[in-house]
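As a basis for the values below, the full set of heavy atoms in this structure was taken, side chains included, without hydrogen atoms, waters or symmetry mates. Ligands are counted one by one from 1 in listed order, and the atoms in each one are counted from 1 as well. Quick caveat, the model's predicted, so the values are computed rather than measured.
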Amino acid sequence: MDKLFNVAVAGATGAVGNQMIACLEERDFPIKNLKLLATARSAGKKIRFKGEEIPVEELTETSFSGVDIGIFSAGGATSQKYGPVAAKDGCVVVDNSAAWRMDPEVPLVIPEVNPHAVARYSNKGIIANPNCSTIQMVVALAPIHRKVGIKRIVVSTYQAVSGTGKKAIDELHNQTKAVLDSLEPEKNVYPHRIAFNCLPQIDVFLENGYTKEEMKMVNETLKILEDDSIGITATTVRVPVFFGHSESVNIETRDPISPDEVRAILEDAQGVTVVDDPSKSIYPMPIDAAGRDDTFVGRIRADESVPNGINLWVVSDNIRKGAATNSVQIAEILAQDYLSK
Ligand code: A2P
């Protein structure tokens, strides 16, 4: 790929934005000019990219003129407002927020699973990046679904605080310190203390009793797999871990499959590493997944309580594959297959 692109990162000073910049550098994305955007509060702050100090600019209506690809992680409201503004200026938006994910005209893409959907970027000039907990689950399940069909998924998540952003990383750090020092921990981000605790609430509750995060896992999975017949139910839980989401995933398949066959399929699957040697206490853990791009799968075993049942334990770095890496991979497909011509 010889062509170079003008790229903007919206939300450049955030936890995901920072990682997006690192991913663009690590993967040597073909960049002509990199524009870093955030609020007026951050304007002038410098961020290092390929040995250069790039000043952050305030995101405004005119930020995207001359920009080819805009990678957004500045919250839903910002994407809702500025996504179409950028698209109108000819900038293709890769959006990490929930704002556009369920829009039928907007593709929702995991490069290992449905790269073909990128082609639909031209509908609105926007491509959506799925929710972090959806990405890692679907990276692990799509190859099994393709082989034997998945009938039902029951998932429970153990999600790191970094998914909520920088302020939540600080909150877990400060609360942990406060509790260990026998001080009253300050609570600003979550409805309850997160240090030494688990919160069975991620995002707001909906009328059906599920949280928004739980319904994102249901609806996004069906959209990405292009199959509405799968029954999915989710319980999402915030745990006092900084980086890396874990998931207990129980599936029922249409055709029979053994744990060994699942292991073989996943060993061949793109973006998956099988870590599964229980006799040596070897299984995926967030401390090992942090800073890496793969989805790690272990504890692969039969659910003996139902026909065709399989249990899996799925771990991935929510900021990397769950957000930044997946977005940059989408941008790579866009650049290589669609915008180079
Ligand atoms: P800023 O740092 O200037 O507030 P996180 O998810 O880690 O909290 O980061 C959110 C990111 O989105 C930050 O870079 C933040 O910038 C940016 N952001 C939030 N709201 C806006 C907005 N209205 N316009 C531009 N950037 C925004």
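Residues Glu57 and Ser63 fail the side-chain proximity criterion, which asks for heavy atoms closer than 4.5 Å. Looking at Lys3 and Lys32, their side chains never come closer than 4.5 Å, going by heavy atoms from C-beta outward. Using a 4.5 Å cut-off on side-chain heavy atoms (C-beta onward), Val113 and His145 make no contact.
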Distances under 3.5 Å, N/O of ligand 1 against N/O of the protein: list each pair and its distance.
residue, atom, partner, partner atom, Å
ligand 1, 2 (O), Thr13, OG1, 2.5
ligand 1, 2 (O), Ser42, OG, 3.2
ligand 1, 3 (O), Thr39, N, 3.1
ligand 1, 3 (O), Thr39, OG1, 2.5
ligand 1, 3 (O), Ser42, OG, 2.4
ligand 1, 4 (O), Arg41, NH2, 2.7
ligand 1, 7 (O), Ala15, N, 2.9
ligand 1, 7 (O), Lys166, N, 3.1
ligand 1, 14 (O), Gly11, O, 3.2
ligand 1, 14 (O), Thr13, N, 3.2
ligand 1, 14 (O), Thr13, OG1, 2.6
ligand 1, 14 (O), Gly14, N, 3.0
ligand 1, 16 (O), Thr13, OG1, 3.3
ligand 1, 23 (N), Thr78, OG1, 3.4

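For Asn174 and Glu186, the side-chain atoms include no donor-acceptor pair closer than 3.5 Å. Asn96 and Asn129 share a side-chain donor-acceptor pair at under 3.5 Å.
Counting only residues at least two apart or on different chains, the ring-ring contact (aromatic ring centres under 6.0 Å, His included) pairs with a member in residues 278-337 are Tyr158-Trp313.
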